[in-house]
Structures are given as C-alpha cells and as structure tokens.
Amino acid sequence: MLENYLSRLINLYGEEKISSISDKVILLAGLGGVGGATFVSLIRSGFKHLIIVDYDKVEPSNLNRQILYTKDDCGLDKTLVAKRYASLIDETIEVTTINKKISAGDEKIFAQYKIDYIVDAIDDIKGKITLINYALENNIPLISSMGMGLRKSSGDICITSLDKTYNDPLARKLRSVLRKQNLNSKAINVVFSIDKPIKQDGVIASSFFAPNIAGIKMAEFVFNHFIEK
C-alpha cells in the first residue's frame, strides 16, 4: 500500500528520499484548523510515526474550518478522530494519542519518545513555551503557528523567525515571554499572517482558508527539512 498511495510523490522526489522520512517521529500539538491541516498533509506525504496532543472534542463550530472532522465526529476526542483518519489512508501509520492540554511538566511525557520534529499548532502561550523550551533543551527542530483567527486572507501567510513577525498579538506576547526567559526569538521558526486581525469582541471568528493554508505550509516546512538533507 505504501507504493500505491505515495507513488506520485515517489515519482517526484525519489523512493530513497520518501523512504527516509517514514521512520521520523513528529510531535504535533493541536488538532484544530492549523493542526488538522498539518496532520493531513504529513500523513499524505510519507510520515508514518506521529504523536498527536489535544484535549478537545469535536464541536459543530469546528466544521467550517477544521478539515479533519464531519458532523458525525461531534462529541468525539479530536485525537481519536485523527488516528482513525490516518488508518483510512494507511493502516500501518502509527499514531500515538495524548489527550491533554499541554502545560509545564509535560516534558516528562515527551521524554518517553525519540522525537525528530515538533510542530506547535496550539494557541495557548504556556503550552507554546513548554514546547519551545523542550525543543531548545533537547536540540529538536520546531515550528510554531501564530494567530490565524480574525484573518480573511490566506495570501499573506509566510514562514519566518519569531523576531520578524508583526501584526500578530499572539506573536508579540510570545516574544515578550521568551525575552523574560532570556530565550532568543530568532531561534524559533513560525508561520504567521502579515494581515492585521479584524477587530472583534467575543468568540474569535475564523474562515477555512487562513488556518488550513498555514497548516499546509508548516507540513511542507517539516517535509523539506528532511527531504533536503
């Protein structure tokens, strides 16, 4: 089955390169709009070992922008739905699920695994700091998503270092926290939108386009990290 669903990708990059990523272990935190698109992109690109972390359940309000889910999934754990989705693509893909909100101290959980790359698709500052600290302390490459809600355009989403971001309140807050910990924002790769978020109170509005484009871009960045070696 590997040769079947990846045959066009192998034709593009060569069997050796695609086979080389099949044993890489990716830790993906967050399975919302951004993380869901990242997950789909990774498993359709030859990655066969993923550790996914999310504490949330699927809700009807997720369905406009979170590509992994349908109305039949409402009420189910997002990690469970994602793992089932992967098995429908290739039953040999190994997905380890961790159902929790990332917080300080979770380094002990991550230490159980040999992680080759960390993808941060959560929107909680404390969780992001935990992931960043763990990545830096263990020399694991990481990419982090900044805010994708309140954006109407997907055309201005790019990947850069955290110190070069602008028009993003989440990135600004993250830089401030890292500065207090004497951590260098230049060392953190992020995906962000140069669009200013629209002004809105209450529940954060979001379309399908920006989160999913950001998730695909993060997956491509991870893919190229290994393919270009």
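All residue numbers refer to positions in the sequence shown, counting from 1.
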Could you tell me if the side chain of [Y] sits less than 4.5 Å from the side chain of [X], heavy atoms only?
X: Gln181; Y: Asn133; value: yes
X: Ile132; Y: Leu178; value: yes
X: Met146; Y: Asp123; value: no
X: Ser161; Y: Ser185; value: no
X: Met148; Y: Ile157; value: yes
X: Ile143; Y: Ile159; value: yes

Distance, nearest 0.5 Å, that separates [atom1] of [X] from [atom2] of [Y]:
X: Thr96; Y: Leu27; atom1: OG1; atom2: CG; value: 10.0 Å
X: Ile26; Y: Leu50; atom1: CD1; atom2: CG; value: 6.5 Å
X: Phe39; Y: Ile52; atom1: CZ; atom2: CD1; value: 5.0 Å
X: Leu131; Y: Ile188; atom1: CG; atom2: CD1; value: 10.5 Å
X: Leu136; Y: Ile140; atom1: CG; atom2: CD1; value: 10.0 Å
X: Ile194; Y: Asn167; atom1: CD1; atom2: CG; value: 7.5 Å

For [X], all residues meeting salt bridge (Lys or Arg N to Asp or Glu O under 4.0 Å), sequence neighbours excluded:
X: Asp56; result: Lys78
X: Lys199; result: none
X: Asp168; result: Arg151
X: Lys57; result: Asp77

Full working for side-chain contact (heavy atoms from CB on, under 4.5 Å) between Leu76 and Arg84: CA-CA 11 Å; Leu76 299 177; Arg84 183 181 64 195; 4.2 Å; yes
For residues 214-229, dump all side-chain donor-acceptor pairs below 3.5 Å to protein atoms at least two apart in sequence or in another chain.
from	atom 1	to	atom 2	distance (Å)
Asn224	ND2	Glu220	O	3.4

Assigning hydrophobic clusters by single linkage (Ile, Leu, Val, Met, Phe, Trp, Tyr; side-chain heavy-atom cutoff under 4.5 Å), is [X] placed with [Y]?
X: Leu174; Y: Val191; value: no
X: Ile115; Y: Leu42; value: no
X: Tyr55; Y: Val119; value: no
X: Ile204; Y: Leu170; value: no
X: Ile122; Y: Ile125; value: yes

Side chain [X], main chain [Y], donor-acceptor under 3.5 Å:
X: Asp73; Y: Tyr69; value: no
X: Ser176; Y: Arg172; value: no
X: Gln200; Y: Ala205; value: yes
X: Asn212; Y: Phe208; value: yes
X: Glu107; Y: Gly105; value: yes
X: Asp156; Y: Asp195; value: no

Val81 and Thr79: CA distance, side-chain angles, deciding distance, side-chain contact (heavy atoms from CB on, under 4.5 Å) verdict: CA-CA 6 Å; Val81 177; Thr79 53; over 6 Å; no
Side chains of Lys48 and Thr92, donor plus acceptor under 3.5 Å: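 A donor-acceptor contact under 3.5 Å links the two side chains.
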Test item: side-chain donor near acceptor, Thr130 and Asp106, under 3.5 Å: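 Not at all, the side chains of Thr130 and Asp106 share no donor-acceptor pair under 3.5 Å.
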Closest heavy-atom pair and its distance - [X], [Y]:
X: Leu142; Y: Asn189; value: O-CB, 3.7 Å
X: Cys74; Y: Leu63; value: SG-CD1, 4.4 Å
X: Ala82; Y: Leu68; value: CB-CD1, 3.9 Å
X: Ser45; Y: Leu6; value: C-CD2, 4.2 Å
X: Ser145; Y: Ala121; value: CB-CA, 4.3 Å
X: Arg65; Y: Ser206; value: CD-OG, 3.3 Å

Verdict with supporting geometry, Asp90 and Ile43, side-chain contact (heavy atoms from CB on, under 4.5 Å): CA-CA 9 Å; Asp90 179 1; Ile43 64 172; over 6 Å; no
Could you tell me whether [X] atom [atom1] has more than 12 heavy atoms of other residues or ligands within 6.0 Å of it?
X: Lys100; atom1: NZ; result: yes
X: Glu16; atom1: CD; result: no
X: Ile109; atom1: CD1; result: yes
X: Asp116; atom1: CG; result: yes

Step-by-step side-chain contact (heavy atoms from CB on, under 4.5 Å) determination, Asp54 to Asn99: CA-CA 5 Å; Asp54 201 300; Asn99 281 46; over 6 Å; no
Residues Lys128 and Asp120 bridged, charged N to O under 4.0 Å: yes
Ring center gap for Phe192 and Tyr166 short of 6.0 angstrom: yes
Partners passing ring pair (Phe, Tyr, Trp, His ring centres under 6.0 Å) against Phe110 (at least two apart in sequence or in another chain):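 So Phe110 forms a ring pair (Phe, Tyr, Trp, His ring centres under 6.0 Å) with Tyr134.
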